Amino acid sequence: GHGTAYSSINIGGGSGSGVIALDKASFSNTTATASTLTIRHTTGSGANRLMLVGIGLGQSSTGIGGATVSGVTYGGQPLTRLASIQDNGSTARARTEIWYLLNPGSGTSNVVISASAAKNIAAGVATFTGVNQAATFNTVSTNQNGTGNTLASNIVSSAAGELVFGCVDVDGDGSALTITDGGNQT
């Protein structure tokens with residue numbers, strides 16, 4: 001069976017911050033178990049920036065054994081954990097975490113993700129502009145499914161001018177798996 005963990009957040013716009021827009025996105029993963037992952041990322045110079053890092057930790061054969069993300073930095077500046085969950089299956093093989101940094105410096109630098117133990121790590125970094133810096137997050141939601149072939153789902157409502165950011169981690173047990181976005185998701 002598959003273990004899944006899903007985290008999502010609602011990002012606030014408006015209040016003079018502009019329209020939320022994706023600035024840049026980067027992705028990387030470890031090719032074997034490791035305790036760090038480094039992603040080179042370029043942040044633009046638009047106003048009211050937000051960096052989000054969606055991280056998946058996994059280990060299909062032995063489980064993640066309580067491993068967590070112990071820290072994330074961008075150019076040496078620490079990010080803050082916003083959401084985390086792991087599947088509750090017998091070996092807890094999938095975990096997601098979302099970390100953020102308000103108004104990251106523009107330019108190119110490394111995002112360094114450190115885990116508490118060597119595991120498979122996959123992560124995506126996204127920077128946005130037009131994000132309300134005073135009321136950045138409206139809803140944080142997590143869900144998991146520890147067994148079977150049914151993936152965890154997560155429903156987060158948003159209003160005009162808001163954006164929902166999600167992160168899913170799946171232990172595929174070596175079998176193919178397709179994840180499809182919901183009807184109003186892009």
Side-chain angles (χ1 to χ4, degrees), residues 4-13 17-60 64-86 93-133 136-137 140 142 154 162-172 177-179 181 185-186:
T4 62
Y6 193 103
S7 300
S8 59
I9 55 170
N10 183 329
I11 305 168
S17 59
V19 175
I20 297 174
L22 177 65
D23 172 49
K24 303 281 184 188
S26 306
F27 171 83
S28 189
N29 62 283
T30 58
T31 56
T33 58
S35 58
T36 61
L37 174 65
T38 300
I39 303 171
R40 194 90 172 136
H41 183 78
T42 301
T43 299
S45 59
N48 299 307
R49 294 183 301 275
L50 171 67
M51 174 179 283
L52 293 173
V53 181
I55 305 162
L57 292 178
Q59 188 75 30
S60 62
I64 61 172
T68 64
V69 175
S70 54
V72 179
T73 60
Y74 175 64
Q77 188 172 9
L79 279 71
T80 302
R81 180 184 289 126
L82 181 63
S84 64
I85 191 168
Q86 70 184 38
R93 299 183 274 192
R95 178 180 182 87
T96 63
E97 297 196 15
I98 297 176
W99 291 65
Y100 75 95
L101 178 61
L102 287 175
N103 208 23
S106 59
T108 301
S109 197
N110 288 333
V111 173
V112 179
I113 300 162
S114 300
S116 62
K119 298 295 172 190
N120 296 315
I121 307 170
V125 180
T127 44
F128 299 89
T129 59
V131 176
N132 185 332
Q133 302 288 295
T136 307
F137 306 110
V140 176
T142 59
N154 219 7
E162 296 177 339
L163 179 94
V164 175
F165 176 89
C167 175
V168 64
D169 185 36
V170 178
D171 160 44
L177 183 66
T178 301
I179 299 174
D181 290 332
Q185 225 175 339
T186 55

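We use all heavy atoms of the structure for the numbers below, so side chains are in, but hydrogens, waters and symmetry mates are not. Note that this is a predicted model, so its numbers are computed, not measured.
The one candidate from Val125, Leu102, Val131, Asn103 that meets the side chain to side chain contact (heavy atoms under 4.5 Å, CB included) condition with Met51 is Val125. With respect to Val72, the side chain to side chain contact (heavy atoms under 4.5 Å, CB included) criterion is satisfied by exactly one of Thr80, Ile55, Val112: Ile55.
The OG1 atom of Thr108 lies 8.5 Å from the NE2 atom of His41; values are rounded to the nearest 0.5 Å. Rounded to the nearest 0.5 angstrom, Leu101 CG and Leu50 CG are separated by 8.0 Å. Separation of atoms CG (Leu79) and CD1 (Ile113) is listed at 9.0 Å; rounding is to 0.5 Å. Atom CG in Asn29 sits 8.5 Å away from atom CG in Asn120 (nearest 0.5 Å).
Annotation: side chain of Asn132 is not in contact with side chain of Asn48 (no heavy-atom distance under 4.5 Å). Residues Val53 and Tyr74 fail the side-chain proximity criterion, which asks for heavy atoms closer than 4.5 Å. For the pair Asp23 and Phe128, the minimum side-chain heavy-atom distance is 4.5 Å or more.
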Test log, rule side-chain contact (heavy atoms from CB on, under 4.5 Å), inputs Arg95 and Ser84 | CA-CA 7 Å; Arg95 178 180 182 87; Ser84 64; 3.4 Å; yes

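Nearest heavy-atom pair, Arg81 versus Glu97, reported as atom, atom and distance to 0.1 Å: NE-OE1, 2.8 Å. Minimum interatomic distance between Arg49 and Ser106 (heavy atoms only, all atoms of both residues): NH2-N, 3.9 Å. A pairwise comparison of heavy atoms in Ala34 and Ile121 identifies O-CD1, 3.5 Å as the closest pair. When all heavy atoms are compared, the tightest approach of Ser116 to Ser70 is N-OG, 4.0 Å. Summarising the geometry of Ser114 relative to Thr36, their closest heavy-atom pair is OG-CG2, 4.0 Å, with the distance given to 0.1 Å. Nearest heavy atoms, Gly130 versus Ile20: O-CG1, 3.5 Å.
Side chain of Thr73 to main chain of Gly75: no donor-acceptor pair is present (N/O by atom type, distance under 3.5 Å, no hydrogens or angles).
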